[in-house]
Colleague: 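Questions regarding the structure given below will be posed in turn.
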Amino acid sequence: CLVGSEMCIRDRVYTEKCRLTTIEEFAEFLANIRVECGEKFSGIGILVSDTPERLPIVSLRDTVPDLTGKSALQTLAEISVTDGTYHDGFHVVSPAGLVTRVSQYFSPPIDSSLGVDRHKVSGGRYMAALYGSVIQGIIMTGISTRQAGIRIFVGGREVFCRRVNC
């Protein structure tokens, strides 16, 4: 993710100065997580929010990973692998780049006023990210999967897509 003209990850060296305040920063962050995971990448869903306590989420696990001394990118890359204990669900990251929740069941209400292009829908994670992007307290949502590529949602609209046929 971009920090001014600097990258949050450069030659596998992590920095704590990762910010998720723009769509471009968020897209780069999602792309870097996938690159770090390599072939074991399981997919990821992220909610960018400063107020996780207000979100319709509940932990899928009764433990949390040790986040000590790790950047958001390093943490999420380590857990977003097929054999990772915490890879399921959505993760909450603040705009300042801090992981505040991992492996959360995210159940946003269905907003029937949103126009859903069924040709773009790639599964439950996509729909949760789309509907969740209109919830007060969520700045943006994003997913990255092998099938869907990278998708980012703001205010009930898909605002970024990196893959063929978007």
Side-chain angles (χ1 to χ4, degrees), residues 1-50 52 55 57 60 65 67 70-84 86-106 108 117 120-135 137-166:
C1 92
L2 303 173
V3 180
S5 61
E6 222 178 313
M7 296 290 285
C8 283
I9 177 173
R10 185 177 285 137
D11 298 325
R12 294 183 167 301
V13 175
Y14 300 94
T15 171
E16 297 299 324
K17 297 181 180 178
C18 184
R19 295 190 50 83
L20 301 178
T21 56
T22 68
I23 293 164
E24 293 78 17
E25 289 170 344
F26 193 22
E28 194 67 28
F29 183 71
L30 287 164
N32 285 336
I33 291 169
R34 184 175 180 155
V35 167
E36 284 300 300
C37 291
E39 290 301 312
K40 289 187 170 187
F41 180 64
S42 63
I44 191 167
I46 296 176
L47 312 174
V48 179
S49 175
D50 274 332
L55 303 180
I57 56 176
L60 292 168
L67 305 178
K70 297 178 184 174
S71 69
L73 179 61
Q74 185 178 20
T75 296
L76 295 175
E78 286 178 6
I79 65 178
S80 297
V81 292
T82 51
D83 58 350
Y86 303 100
H87 79 273
D88 284 332
F90 279 77
H91 313 293
V92 183
V93 180
S94 75
L98 302 174
V99 177
T100 59
R101 305 284 193 283
V102 297
S103 195
Q104 301 293 302
Y105 175 70
F106 178 50
D117 182 348
K120 289 185 175 184
V121 175
S122 60
R125 203 178 265 165
Y126 179 100
M127 293 299 283
L130 172 68
Y131 288 132
S133 70
V134 300
I135 293 175
I138 291 184
I139 298 162
M140 57 188 150
T141 62
I143 62 170
S144 178
T145 69
R146 292 185 185 277
Q147 297 80 22
I150 295 171
R151 307 290 184 96
I152 297 175
F153 305 88
V154 176
R157 290 184 24 248
E158 184 178 321
V159 296
F160 182 90
C161 177
R162 183 181 296 162
R163 91 167 241 239
V164 180
N165 299 328
C166 287

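Numbers here are sequence positions counted from 1. This one's a predicted model, so the numbers in the text were calculated from it and none came from an experiment.
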Colleague: For Arg157, does the CZ atom sit with more than 12 other heavy atoms under 6.0 Å from it, leaving out its own atoms?
Modeller: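 No, not enclosed.
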Colleague: Applying ring-ring contact (aromatic ring centres under 6.0 Å, His included), run through Phe153 and Tyr126 and close with a yes or a no.
Modeller: CA-CA 9 Å; Phe153 305 88; Tyr126 179 100; 5.0 Å; yes
Colleague: Hey, what do you get for CG (Leu20) to CZ (Phe29), rounding to the nearest 0.5 Å?
Modeller: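 Between atom CG of Leu20 and atom CZ of Phe29 there are 5.5 Å.
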Colleague: Which is it for Leu55 and Gln104 under the side chain to side chain contact (heavy atoms under 4.5 Å, CB included) test, yes or no, and what are the steps along the way?
Modeller: CA-CA 10 Å; Leu55 303 180; Gln104 301 293 302; over 6 Å; no
Colleague: Tell me the closest heavy-atom pair linking Ile44 and Ser80, and the distance in Å.
Modeller: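 The pair with the smallest heavy-atom distance is CD1-OG, 3.3 Å.
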Colleague: Kindly give the heavy-atom pair with the smallest separation between Ile135 and Pro108, and that separation in Å.
Modeller: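 Between these two residues, the closest heavy atoms are CD1-CB, 3.6 Å.
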Colleague: Taking the side chain as every heavy atom from C-beta outward, state whether Phe90 and Ile57 have any pair of such atoms under 4.5 Å apart.
Modeller: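 Phe90 vs Ile57: side chains apart.
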Colleague: Begin with the C-alpha distance, continue with both residues' side-chain angles, and end with the deciding distance and a verdict on side chain to side chain contact (heavy atoms under 4.5 Å, CB included) for Phe26 and Val48.
Modeller: CA-CA 9 Å; Phe26 193 22; Val48 179; 3.7 Å; yes
Colleague: For residues Val134 and Tyr131, report the shortest heavy-atom separation together with the two atoms involved.
Modeller: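 Closest heavy-atom pair between Val134 and Tyr131: CG2-O, 3.1 Å.
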Colleague: With rounding to the nearest 0.5 Å, note down the distance linking CG in Asp50 to CD1 in Ile139.
Modeller: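 Asp50 atom CG to Ile139 atom CD1 measures 5.0 Å (nearest 0.5 Å).
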Colleague: Is there a donor-acceptor contact under 3.5 Å from the side chain of Arg162 to the main chain of Gly149?
Modeller: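 Such a contact is absent between Arg162 side chain and Gly149 backbone.
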Colleague: Which pairs with one or both residues in residues 91-103 pass salt bridge (Lys or Arg N to Asp or Glu O under 4.0 Å), sequence neighbours excluded?
Modeller: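 Passing the test, one end in residues 91-103: no pairs.
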Colleague: Taking side chain as C-beta onward, heavy atoms only, is Val154 less than 4.5 Å from Ser133?
Modeller: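 Heavy-atom side-chain distance check fails, nothing below 4.5 Å.
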Colleague: If you compare all heavy atoms of Val102 against all heavy atoms of Ile79, which two are closest, and at what distance to 0.1 Å?
Modeller: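 Val102 and Ile79 have their closest heavy atoms at CG1-CD1, 3.9 Å.
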Colleague: OG/Ser71 to CD/Glu78 distance, rounded to the nearest 0.5 angstrom?
Modeller: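 Interatomic distance, Ser71 OG to Glu78 CD, rounded to 0.5 Å: 8.5 Å.
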Colleague: Testing Val92, Leu76, Thr141 one by one against Ile46 for a side chain to side chain contact (heavy atoms under 4.5 Å, CB included), which residue passes?
Modeller: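 Among Val92, Leu76, Thr141, the one that satisfies the side chain to side chain contact (heavy atoms under 4.5 Å, CB included) with Ile46 is Leu76.
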Colleague: Search all heavy atoms of Cys37 against all heavy atoms of Ala77 and return the closest pair with its distance.
Modeller: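 Closest approach of Cys37 to Ala77: SG-O, 3.1 Å.
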Colleague: Using the side-chain hydrogen bond (donor to acceptor under 3.5 Å, both in side chains) criterion, which residues pair with Ser42? Sequence neighbours excluded.
Modeller: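 Expected list: none.
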Colleague: Charged N to carboxylate O below 4.0 Å: is that the case for Glu158 and Arg151?
Modeller: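 Here Glu158 pairs with Arg151 in a salt bridge, since their nearest N and O are under 4.0 Å apart.
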Colleague: Ignoring hydrogens and geometry, is there a side-chain-to-backbone donor-acceptor pair from His91 to Ser103 under 3.5 Å?
Modeller: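 Flag set: sc His91 to bb Ser103 pair under 3.5 Å.
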Colleague: Against Ile33, only a single residue in Leu73, Ile150, Thr75 fulfils side chain to side chain contact (heavy atoms under 4.5 Å, CB included); can you say which?
Modeller: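 Exactly one pass, corresponding to Leu73.
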Colleague: For Ile143 and Arg125, which heavy atoms make the closest approach, and how far apart are they?
Modeller: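 Closest heavy-atom pair between Ile143 and Arg125: CG2-CG, 3.6 Å.
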Colleague: Below 4.5 Å, heavy atoms only, C-beta onward: do Phe160 and Glu24 meet side chain to side chain?
Modeller: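 Phe160 vs Glu24: side chains apart.
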Colleague: Tell me if a side-chain donor or acceptor on Arg34 pairs with a main-chain N or O of Thr145 at a distance below 3.5 Å.
Modeller: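 A pair under 3.5 Å: yes.
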